[in-house]
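Convention: sequence-line order gives letters A, B, ...; per-chain numbering from 1. Worth saying up front: this structure is predicted, and the values here are computed from it rather than measured.
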Number of protein chains: 2
Amino acid sequence: MQPELKLQQLRCMLAILDQGGFHAAARHLHRSQPAISMAVRDLEERLGQPLFEKGNGKAALTPFGQWCLPRFHELVAHHDRVSRDALAMTCHQAGRVDIATVPSVASRLMPAILASFVVDYPGIEISLQDGHSELVAQMVLTGEVELGITSLWQPQEALSSTPLLHDEIGVVCRDDHPLAGLDRLHWRELAGYSLIRNGTSRLLVGSPAAELLEHSSLFISNMISLTAMLEAGIGITTLPRLAFQEEHERLCFVPLAEPLLVRRIGLLCRTGVSLSPAAAAMRRHVMAHLGGSVA
Amino acid sequence: MQPELKLQQLRCMLAILDQGGFHAAARHLHRSQPAISMAVRDLEERLGQPLFEKGNGKAALTPFGQWCLPRFHELVAHHDRVSRDALAMTCHQAGRVDIATVPSVASRLMPAILASFVVDYPGIEISLQDGHSELVAQMVLTGEVELGITSLWQPQEALSSTPLLHDEIGVVCRDDHPLAGLDRLHWRELAGYSLIRNGTSRLLVGSPAAELLEHSSLFISNMISLTAMLEAGIGITTLPRLAFQEEHERLCFVPLAEPLLVRRIGLLCRTGVSLSPAAAAMRRHVMAHLGGSVA
DNA sequence: GTTGCACGGTAAGATATCCTGATCATTTTA
DNA sequence: TAAAATGATCAGGATATCTTACCGTGCAAC
């Protein structure tokens, strides 16, 4: 059977040559000189051939030792490379996180979060993609991404969720709409207005306001199209506040006070599978930025 | 500082995955199961991150473990490759020998020696080159070759020589030459004949026969040319028996009995530098074939 | 030469490391 | 529910490893 070469012993041999002697190598490796002698002897016994010339005072390689030297050097270098990479991984100086979020979070919250993250962890590669909440949950579930930030649906066995923040749902309409000036409103006040459904409309399901959806004949999933519709005064819609693009001059957001509807946004990850070091760092980072927002 | 990953521990991790469990890995590695657990724990502590998922019964890798796996596998494979190559080297299943000999040895002795050597050590690469005896010694001295087989000149400090065989010196002449029929002859009997000097003629230096060289006006170094001269009856020459090509039909070799001159052929190698495993094997092989020839 | 110094090798005891055997908690299987 | 299998844990003893002290050699300076 082939011998098991110990990295420490190989390091000894390299140090002897680098430092030019057993004593110097011992000093360099913070060992005693006999330890070096013994390491070399053991290594030579394992190999079955002497590596250093004996007898004369100085440390000189045998031809076999010369043959071994570059190979040992390469092997030790390989180890150090692997070790260093692993360390970089655990110290969050390298690695990769894949995150999925709903579009509103991706566009409103993630920019600031990622901006500060890349400052703290310059070596970590980040991939962010968005999709509707079910898709996000699915991507986490399949392992396509490690983290998901989405509206918390019904809890699942295989997914662990951490609440991050509450996002109140309101009505969005043009600034000349009768509802525009109100501070808060009851869902019944919406009766009679043309309601445009969108991807977030199912957040109303299960609430008294769900009844509104039945009288809506328009469904627009694309946010750009939706805002264009609203700006054209074609109707009104409901949106979580985060999903409302505040920079639209002609659109207003009026919170829905009765019933008070919120979507709970949380952080998803798989149960039973731990996070990669990079993802764990991202998780901590996200929670440090948003974790205080929820009661 | 980066952690020192022990190969045994990496092997443990790989075995756990290969064999599908700690117990199976323990059996496969001829260890107890706790040893595997502890090796994994120690490895995880060094890395600062868990490699295996805890809690659930089965052995499953963390994402970090999955990241490490191919790297560790490659590192272990690298070690095994180096170790195996070194073993092949020491077991004389691989390697290389460079030898230099005088032409007579190269053409008369080496074919048989090398033929049996390559049978015993099929993996070893051989390089054989010839040159006159001083050149051979020089090549050994400079390390250009590890072994030399040549006529032993004055012993040198840096060269260790092992006598292999005695090669008697005689006169070579055409079969119709007056000396041709003799069994043995005295150097004085050569007086009056035209003597052609050659590369081996300096073997006479220091002997009574040296006087002959002074009356020789022809020097031919090339053996082919020399035999052509002899066959043409242009003169006679002195040669060691080994250097005499016996297959020449018209040429005779007559031993020089008085003085009895021999060239001592031996095996040269550098002192202070040990031989490569392959060269050591060749040295043993040569001495087993020729070592008995000398008293 | 003789002395001093640096080199590497050796021996014995201390220390750290590793492995084992027994045992436990948990999960899976029959 | 009983039985088997998984991995974790702990105390102990075997093994390996390191250190301290000492030895022999070779080289340089005196």
Side-chain angles (χ1 to χ4, degrees), chain A residues 1 3-47 49-62 64-65 69 76 157-158 271-274, chain B residues 1 3-47 49-62 64-65 69 76 157-158 271-274:
Chain A
M1 188 51 192
E4 180 90 359
L5 310 174
K6 302 211 170 162
L7 288 168
Q8 267 190 333
Q9 297 174 341
L10 301 187
R11 257 183 238 285
C12 275
M13 173 178 171
L14 300 183
I16 290 169
L17 296 165
D18 275 349
Q19 308 293 322
F22 283 51
H23 282 85
R27 248 174 283 125
H28 187 250
L29 296 176
H30 309 292
R31 299 261 146 69
S32 68
Q33 171 267 320
I36 309 295
S37 286
M38 286 160 52
V40 169
R41 182 152 51 85
D42 186 67
L43 187 55
E44 289 174 337
E45 275 171 15
R46 284 168 197 265
L47 291 168
Q49 291 281 330
L51 292 166
F52 289 89
E53 301 288 357
K54 315 292 177 185
N56 44 8
K58 294 299 173 193
L61 284 178
T62 61
F64 178 65
L69 179 59
V76 170
E157 178 68 22
T271 56
V273 179
S274 20
Chain B
M1 188 50 192
E4 180 90 359
L5 310 174
K6 303 213 169 160
L7 288 168
Q8 267 190 334
Q9 297 175 339
L10 302 187
R11 257 184 238 284
C12 274
M13 174 178 171
L14 301 183
I16 290 169
L17 297 165
D18 276 349
Q19 308 293 321
F22 284 50
H23 286 268
R27 246 174 286 123
H28 187 250
L29 296 176
H30 309 292
R31 299 264 144 70
S32 68
Q33 171 266 321
I36 309 295
S37 285
M38 293 167 76
V40 169
R41 185 154 50 87
D42 185 67
L43 187 55
E44 289 175 337
E45 275 172 15
R46 285 169 197 264
L47 291 168
Q49 289 282 330
L51 292 165
F52 289 89
E53 301 287 357
K54 314 293 177 186
N56 44 7
K58 295 298 173 192
L61 284 178
T62 61
F64 178 65
L69 179 59
V76 170
E157 178 67 24
T271 56
V273 178
S274 18

*Asks:* Would you indicate which nucleotide in C/dG9, C/dA22, C/dC19 comes nearest to any side-chain atom of B/A35?
*Replies:*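 Selected nucleotide (nearest to the side chain): C/dC19.
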*Asks:* Provide, to the nearest angstrom, the distance between the CD atom belonging to B/E53 and the P atom belonging to C/dT26.
*Replies:*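 Rounded to whole Å, this separation is 19 Å.
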*Asks:* Could you state the atom-to-atom distance from NE2 of B/H23 to P of C/dG21 in whole Å?
*Replies:*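 The distance from NE2 of B/H23 to P of C/dG21 comes to 14 Å, rounded to the nearest Å.
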*Asks:* From CD of A/Q19 over to C1' of C/dG8, roughly how many Å is that when rounded to an integer?
*Replies:*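 Going from CD in A/Q19 over to C1' in C/dG8 covers 17 Å.
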*Asks:* Under 3.5 Å, side chain of A/Q33 to main-chain N/O of A/H23, donor-acceptor pair present?
*Replies:*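 No; judged by distance alone, with no hydrogens or angles, the pair does not exist.
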*Asks:* Check whether any side-chain heavy atom of B/M13 lies under 4.5 Å from a side-chain heavy atom of B/L61, and answer yes or no.
*Replies:*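 SC-SC contact between B/M13 and B/L61 confirmed.
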*Asks:* Do you know which two heavy atoms are closest between A/T62 and A/P50, and how far apart they sit?
*Replies:*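 Looking at all heavy atoms of both residues, the closest pair is OG1-O, 2.9 Å.
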*Asks:* So which atom in B/L5 and which in A/L7 form the shortest heavy-atom distance, rounded to 0.1 Å?
*Replies:*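 What the structure gives for the nearest pair is O-CD1, 3.3 Å.
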*Asks:* So if I take residues 4-17 of chain A and measure heavy-atom distances to DNA chain D, which residues fall below 4.0 Å?
*Replies:*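 Nucleic-acid contacts, sorted: A/K6, A/Q8.
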*Asks:* Side-chain N or O of B/S37 versus OP1/OP2 of D/dA8: is the shortest distance under 4.0 Å?
*Replies:*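 Indeed, a polar side-chain atom of B/S37 lies that close.
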*Asks:* Rounded to the nearest Å, what distance is computed from the CZ atom of residue A/F22 to the C1' atom of nucleotide C/dC7?
*Replies:*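 Going from CZ in A/F22 over to C1' in C/dC7 covers 10 Å.
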*Asks:* OP1 or OP2 of C/dG21 less than 4.0 angstrom from a side-chain nitrogen or oxygen of B/S32, does that happen here?
*Replies:*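 Checking B/S32 against C/dG21: no side-chain N or O falls below 4.0 Å of OP1 or OP2.
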*Asks:* Please figure out whether B/A39 or A/G20 has its closest DNA chain C nucleotide nearer the 5' end.
*Replies:*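 Counting from the 5' end, the first nearest nucleotide belongs to A/G20.
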*Asks:* Give the rounded distance in Å between these two atoms: NZ of A/K54 and P of D/dG26.
*Replies:*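 Atom NZ in A/K54 sits about 16 Å away from atom P in D/dG26.
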*Asks:* Who pairs with B/E53 by salt bridge (Lys or Arg N to Asp or Glu O under 4.0 Å), at least two apart in sequence or on another chain?
*Replies:*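 Listed in chain order: nothing, the list is empty.
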*Asks:* Whole angstroms only, please: what is the CG-C1' distance between A/L43 and D/dA16?
*Replies:*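 Going from A/L43 (CG) to D/dA16 (C1'), I get 16 Å.
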*Asks:* So which heavy atom on B/A39 is nearest to which on B/C12, and how close?
*Replies:*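 Scanning both residues completely, I find the closest heavy atoms to be CB-SG, 3.8 Å.
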*Asks:* Could you tell me the separation between the NE2 atom of B/H30 and the C1' atom of C/dT20, rounded to a whole number of Å?
*Replies:*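 Atom-to-atom, B/H30 to C/dT20, this comes out as 16 Å.
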*Asks:* Check whether any side-chain N or O of B/Q19 sits under 3.5 Å from a backbone N or O of B/L29 as a donor-acceptor pair, and report yes or no.
*Replies:*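 Checking the backbone N and O of B/L29 against the side chain of B/Q19, no donor-acceptor pair under 3.5 Å is found.
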*Asks:* Using C1' atoms of five pairs at each end, report the bend of the helix from C/dG1-D/dC30 to C/dA30-D/dT1 rounded to 10 degrees.
*Replies:*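 Taking five pairs per end, the axes differ by 20°.
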*Asks:* Between A/Q9 and A/R46, is a side chain to side chain contact (heavy atoms under 4.5 Å, CB included) present by the stated rule, with each step listed?
*Replies:* CA-CA 11 Å; A/Q9 297 174 341; A/R46 284 168 197 265; 3.6 Å; yes
*Asks:* Output the rounded distance in Å from CE (B/M38) to P (C/dT17).
*Replies:*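 That distance rounds to 11 Å.
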*Asks:* A/E4 versus B/R11: any side-chain heavy-atom pair under 4.5 Å?
*Replies:*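 Answer yes - side chains close enough.
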